[in-house]
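Report on one structure; see the data block that follows.
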Amino acid sequence: MMNVTYESTRGGEKGLTASQAILKGLAEDGGLYMPVSIPKLDVPLSRLAGMSYQETAYEVMKLFLTDYTEEELKNCINRAYDSKFDTEGIVSLKKASGAYYLELFHGSTIAFKDMALSILPYLMTTAARKNHVENEIVILTATSGDTGKAAMAGFADVPGTRIIVFYPKGGVSRVQELQMVTQKGGNTAVVAIHGNFDDAQTGVKKIFGDRGFGAQLAAQGFQLSSANSINIGRLVPQVAYYVYAYGRLVRDGEIQSGDPINITVPTGNFGNILAAYFAKQMGLPVKTLICASNDNKVLYDFFRTGTYDKKREFVLTSSPSMDILISSNLERLVYLSAGSDANVNKRLMESLKDTGAYEATEEMRKRMEDFHGGYATEAENAAEIKRLFDETGYMIDTHTGVASAVYQKYVAKTGDKTPTVIASTASPYKFSHSVMEAVFGNQGDKDEFAIIDELCKVSGVAVPHAVEEIRDAQVRHKRECSVDAMENVVAEILGMAR
């Protein structure tokens with residue numbers, strides 16, 4: 001098996017092992033780590049149908065994480081994908097209205113982030129041992145709602161780690177906020193910032209880029225890493241569920257081995273759909289990757305025009321995990337489309353920082369033809385949630401609603417009837433107020449948990465443990481700060497004298 005090494009998309013670092021890239025999270029030059037080449041699946045597609053989720057995950061991840069031994073990697077996988085998921089298959093595939101909804105929300109925080117963040121702590125602590133790390137690892141993460149809770153759930157009380165999460169005050173659902181601020185664990189901290197997700201993400205990247213602060217951290221026994229999808233240890237595990245979904249479709253007789261599929265993903269930071277693109281590059285027969293945006297349609301405009309322009313109004317929507325104008329993981333696709341030319345990518349990223357925009361060349365755009373961009377307005381999202389429920393009884397959340405609405409528009413426009421997997425990224429219980437309003441109209445000022453109980457009645461789906469446990473949970477985290485104060489807050493949480 002080929003040994004895969006990692007390099008920065010901006011050219012500053014090369015030759016890192018997978019474990020080193022996972023430990024560091026973000027490259028020192030501000031770039032993201034990428035494998036020097038995307039490996040090909042070495043298991044026949046016909047065999048996927050008979051494989052468990054854990055077996056599929058191993059076949060995918062062993063190709064990227066080549067400095068982990070078989071024993072180490074299987075231990076990480078088996079400890080991550082266990083009884084904390086409420087379905088034996090770890091994910092579920094539900095057929096409704098002609099599409100296949102890949103339910104990625106059966107983990108402990110009822111969002112797709114559990115799929116990668118259940119394993120990241122094990123990958124990271126294994127990496128720390130492999131690289132003889134003495135410092136305490138401080139996970140620093142910005143969240144648009146789901147990453148924060150999933151990361152804290154994964155890292156809570158993991159020896160040798162701390163985790164600090166920043167989220168936009170007023171920019172997440174009530175359930176998302178309660179999940180974060182009630183999180184237990186002596187090594188967890190949550191901070192609400194006065195700004196939006198892009199402000200939080202930019203602030204975190206700035207802290208990573210402050211070498212002086214990094215030296216202060218090291219002097220006091222700390223080193224930073226990330227649990228955002230900028231960490232390659234987040235991205236690689238996500239590839240596995242698309243490969244598994246294909247195997248399930250074959251097993252269930254919905255497609256024949258070798259048949260093409262489309263994949264539709266509700267997209268904000270671009271990591272989840274990039275994982276599907278990696279799966280295609282590995283040899284999965286994927287025809288079109290449908291990138292679904294909400295009213296913050298910066299990605300839709302990029303695929304339509306070739307210009308990425310963040311200079312626009314930031315819209316708060318009912319799909320808050322997609323309320324993003326700087327899609328960090330798009331840098332990895334830009335890098336690949338530039339022929340892995342770090343200098344070209346670096347110039348474009350500098351242009352984004354300096355002018356708020358950049359433009360892909362025609363040649364780069366040709367290399368991105370696998371992608372189709374679409375978007376759904378708030379009204380279209382609500383109408384699709386209602387349509388699907390009224391016609392089939394299947395209830396989806398507001399992010400899956402965006403993807404489903406965009407898929408319907410794609411079929412109407414292209415006539416493409418290729419079997420399509422839609423990434424269902426969160427339980428409707430995470431956004432119960434918006435979901436119930438979409439289906440039944442204005443919910444007024446009803447209590448959040450009264451709406452949750454009503455959702456249970458109409459959907460016939462039990463209230464998940466992740467929601468029940470926050471009904472009366474104690475609020476443990478009350479910190480707030482301005483964007484400019486984020487670094488000082490990190491120092492304060494870590495007890496550093498400044």
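All residue numbers in this chain count up from 1 along the given sequence. As the structure is a prediction and not an experimental result, all values here were calculated from the model.
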Quiz: residues 401-408 side-chain donor-acceptor pairs under 3.5 angstrom, not counting sequence neighbours:
residue, atom, partner, partner atom, Å
S404, OG, Y101, OH, 2.6
S404, OG, E384, OE2, 2.6

Check the pair Y242, Y277 against ring-ring contact (aromatic ring centres under 6.0 Å, His included), reporting the backbone distance first and the verdict last. CA-CA 10 Å; Y242 293 113; Y277 180 72; over 10 Å; no
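Between E72 and K130, at least one side-chain nitrogen of the basic residue sits less than 4.0 Å from a carboxylate oxygen of the acidic one, meeting the salt-bridge criterion. The residues R312 and D301 are annotated as salt-bridged, a charged nitrogen and a carboxylate oxygen being separated by less than 4.0 angstrom. Ionic pairing of E492 and R479 is present here: one or more N-O contacts between side-chain nitrogen and carboxylate oxygen are shorter than 4.0 angstrom. Salt bridge annotation for R471-E468: present, with a cationic side-chain nitrogen under 4.0 angstrom from a carboxylate oxygen.
Minimum heavy-atom separation, S432 to L455: CB-CD2, 3.9 Å. The minimum heavy-atom distance between D114 and S108, with the atom names listed, is OD2-N, 3.4 Å.
Looking only at side-chain heavy atoms (C-beta outward), F85 and Y81 come within less than 4.5 Å of each other. The shortest side-chain heavy-atom distance between L73 and L65 falls under the 4.5 Å cut-off. Here the side chains of V334 and M349 are in contact, with some heavy-atom distance below 4.5 Å. Contact annotation: the side chain of M282 approaches that of L63 to within less than 4.5 Å [non-hydrogen atoms, C-beta and beyond]. Residues R248 and Y100 are not in side-chain contact: their nearest non-hydrogen atoms beyond the backbone lie 4.5 Å or more apart. Considering only heavy atoms from C-beta on, H194 stays 4.5 Å or farther from C481 through its side chain. The shortest side-chain heavy-atom distance between F389 and I396 does not fall under the 4.5 Å cut-off. Between V265 and L289, the closest side-chain pair of non-hydrogen atoms is not below 4.5 Å.
Listed by first and then second residue, the side-chain hydrogen bond (donor to acceptor under 3.5 Å, both in side chains) pairs that reach into residues 179-193 are K149-Q183, T161-N187, Q179-K430, sequence neighbours excluded.
Heavy-atom neighbours of D472 CG from other residues, nucleotides or ligands within 6.0 Å: at or below the threshold of 12.
Going from atom NE2 of H465 over to atom CD1 of I470 covers 10.5 Å, rounded to the nearest 0.5 Å. Of the inter-residue distances, the one linking I22 atom CD1 with L16 atom CG reads 11.0 Å to the nearest 0.5 angstrom. To the nearest 0.5 Å, the span separating CE on M34 from CD1 on I38 amounts to 5.0 Å.
Aromatic ring centres of F371 and F302 lie farther apart than the 6.0 Å criterion allows. Separation of the H399 and F112 ring centroids does not fall under the 6.0 Å cut-off. Ring-centre distance between Y300 and Y375: below the 6.0 Å cut-off. Centroid-to-centroid, the aromatic rings of F105 and Y429 stay 6.0 Å apart or farther.
Residues passing the salt bridge (Lys or Arg N to Asp or Glu O under 4.0 Å) test with E177, sequence neighbours excluded: K169, R174. The salt bridge (Lys or Arg N to Asp or Glu O under 4.0 Å) check on K95 picks up E254, with sequence neighbours excluded. Residues passing the side-chain contact (heavy atoms from CB on, under 4.5 Å) test with P121, sequence neighbours excluded: F155, V158. When the side-chain contact (heavy atoms from CB on, under 4.5 Å) test is applied to E59, the partners found at least two apart in sequence or on another chain are D42, V43, M51, K62.
No side-chain donor-acceptor contact under 3.5 Å links E103 and S424. In the model, T317 has a side-chain atom that pairs as donor or acceptor with a side-chain atom of D323 under 3.5 Å. At a cut-off of 3.5 Å, with distance as the only test, a side-chain donor of K205 or S328 sits close to an acceptor on the other residue. The closest side-chain donor-acceptor pair between S19 and D67 falls under 3.5 angstrom.
The main-chain N or O of Q223 is never found under 3.5 Å from a side-chain atom of E136 such that the two would form a donor-acceptor pair. In this structure a side-chain-to-backbone donor-acceptor pair under 3.5 Å is present from S173 to Q176. Of the possible donor and acceptor atoms, one in the side chain of R332 sits under 3.5 Å from a partner among the backbone N and O of I230.
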